[in-house]
Every structure is written in C-alpha cells, then in structure tokens.
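Inspection log for the structure reproduced underneath, given as structure tokens.
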Amino acid sequence: MILSAAAKPYAFSFDPAKTALLLIDFQRDFLEDGGFGEIQGGNLVAVQASIGPASAVLKLARRAGLTVVHTREGHDPTLRDCPTPKLTRQANAPDSKHTVVIGGTGPRGSRLLVRGEHMHDLIDQLKPIQGEFLIDKPGKGAFYATELHQILVNAAVSHLIIVGVTTECCVTTTLREANDRGFECVLVSDATDGYIAEFKHVALEMITFSEGLFGYVCNSGSILAPLE
Ligand code: TIU
C-alpha cells in the first residue's frame with residue numbers, strides 16, 4: 001500500500017511497511033531548563049512546541065505499524081567517545097559564555113550529555129515502548145558510529161519520516177547522512193525546531209531547494225492524514 005502526503009517540493013509517497021519514524025534527540029538536555037541547550041544559549045520555547053506535533057505523529061506511526069527509532073546524543077561517562085574538538089571548542093573559546101561544558105555538572109545536578117544521567121534521557125512524553133529502537137550516538141548525525149544503518153536495512157526500510165531537535169544541528173545532519181545512504185526522507189516542519197528561528201527557516205529551505213536537494217518537508221497534518 002502506497003500512501004501520499006502533501007509536501008514540498010511535491011507529494012511524499014511511502015509504503016508504511018518500508019517506512020521508519022525517526023525521533024531525533026528529544027532529550028531533557030535539549031528541551032528542559034538547565035540542560036545543555038539552554039546553557040548553550042538556546043531558546044527553549046520553540047523546541048518545546050515541537051513536542052505536541054511529534055507526539056501526534058508517533059501515536060499514528062505506532063498504530064500504522066511503522067518502524068520507530070529514537071535517538072539520544074551523548075557520551076560515555078569517561079568521555080572517551082567524545083571527539084576532542086567537540087569537547088574543547090567551547091571550553092577554550094576566548095570569553096566563552098559556557099560555564100559548563102559536556103561532561104560538566106549542570107544546574108540540575110546532571111553531567112551534561114553523559115549517558116545514564118537524568119538530563120541525558122528522553123523526555124517523559126516521548127519515551128520508547130517495547131519493540132522500538134533506541135540509538136545512543138556520540139555525534140550530531142545518527143548514522144555516525146551507531147547501528148542505525150544496519151537496523152534500517154534489517155527492517156527493509158527505504159523511507160524515513162523525521163522529527164526532533166534541533167533542526168539546524170542533529171536533525172539536518174542526520175537527514176543529510178540518510179540521503180547519502182539512499183533513504184527518501186521527509187522532515188515534519190512543526191515536529192522539529194531549533195534554538196534560532198532563522199536557522200530553522202534556512203535549514204528547511206535547503207532541504208527542498210532544487211526539486212529536493214536533500215528530501216522533502218511537510219507539516220504534521222499532511223503526514224497524519226494518510227496514516228489516519
Ligand atoms: N546545539 C544544538 O543545537 N544541538 C545539539 O547540540 N544537538 C542536537 O541538535 N540534538
């Protein structure tokens with residue numbers, strides 16, 4: 001059965017049996033007060049507004065039997081899997097506003113972006129259930145140094161519906177990685193957001209530029225309609 005969702009640059013066609021919903025980094029560290037994102041200077045209002053639409057897409061994706069994959073960005077407590085520049089760039093910047101960097105203890109008492117810490121975990125509204133995949137990733141892209149590609153190949157997935165935070169960072173990097181690996185991707189515009197409105201706007205424009213340079217963009221209403 002092939003479904004069709006209104007999208008830019010044109011309709012996104014997908015077979016639910018070959019489609020995965022990919023939820024990128026809905027972690028407390030990116031969405032809640034005192035997390036890594038807020039310490040970076042991120043505005044949390046927009047990212048928090050993406051939770052509702054993402055939850056609605058997840059609910060119908062589950063009902064339609066899509067493969068569901070959740071990701072979390074973070075590191076081993078020793079930080080040995082953290083690329084040195086990622087760790088040191090903020091710490092070494094002259095006049096850095098980063099009083100706490102990756103691995104340091106944030107105002108909520110969690111070490112920032114460290115696996116096993118409360119703030120590293122997914123928000124309560126978007127937790128995996130049995131049968132869903134949870135990928136821990138050290139990078140911005142969800143394919144780098146993870147089992148994601150093999151999971152998708154094993155599940156015979158060819159199409160990805162992508163939601164998550166932040167649009168300009170981990171979401172866009174993952175979508176580009178997926179496009180290079182031959183997956184047809186649609187990003188759900190109101191189920192993703194970032195810390196700078198202008199960055200989100202340009203990120204979405206770049207995806208659909210030139211008949212879909214990297215893929216498709218639609219809103220949650222458009223992707224929910226065929227799944228109803
Ligand atoms: N900084 C920023 O916008 N994002 C990240 O560091 N990670 C994700 O996007 N998940």
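As the structure lists them, so they are numbered: ligands from 1, and atoms in each ligand from 1.
- Counting the atoms of ligand 1 from 1 in the order shown, those under 4.0 Å from a heavy atom of Glu73 are 5 (C), 6 (O), 7 (N), 8 (C), 10 (N).
- Using a cut-off of 4.0 Å between Lys/Arg side-chain N and Asp/Glu carboxylate O, Asp29 and Arg72 are scored as not salt-bridged.
- Of all the heavy atoms of Asp25, the ones lying under 4.0 Å from any atom of ligand 1 belong exclusively to the side chain.
- Regarding atom 8 (C) of ligand 1, its nearest protein heavy-atom neighbour is Cys170 SG, 2.7 Å.
- In this structure, the protein non-hydrogen atom closest to atom 3 (O) of ligand 1 is Thr166 OG1, 2.8 Å.
- Residue, atom and distance of the protein heavy atom nearest to atom 1 (N) of ligand 1 are Gln40 OE1, 2.7 Å.
- Close approach of ligand 1 to Cys169 (heavy-atom distance below 4.0 Å) involves ligand atoms 2 (C), 3 (O), 4 (N), 5 (C), 6 (O), 7 (N), 9 (O).
- With 3.5 Å as the limit, one finds a donor-acceptor pair spanning the side chains of Ser220 and Asp190.
- Near Tyr195, meaning under 4.0 Å from one of its heavy atoms, ligand 1 places the atoms 2 (C), 3 (O).
- Atoms CD and OG1, from Glu177 and Thr146 in turn, are 8.0 Å apart once rounded to the nearest 0.5 Å.
- There is no side-chain donor-acceptor pair under 3.5 Å between Asp193 and Thr167.
- Residue-ligand proximity, Val165 to ligand 1, at heavy-atom distances under 4.0 Å covers atoms 8 (C), 9 (O), 10 (N).
- Of all protein heavy atoms, the one closest to atom 6 (O) of ligand 1 is Lys140 NZ, 3.1 Å.
- Classification of Arg28 and Glu117 as a salt-bridged pair fails, no side-chain N sitting under 4.0 Å from a carboxylate O.
- Using a cut-off of 4.0 Å between Lys/Arg side-chain N and Asp/Glu carboxylate O, Glu73 and Lys86 are scored as salt-bridged.
- A salt bridge is absent between Arg115 and Asp76: the closest approach of a Lys/Arg side-chain nitrogen to an acidic carboxylate oxygen does not fall below 4.0 angstrom.
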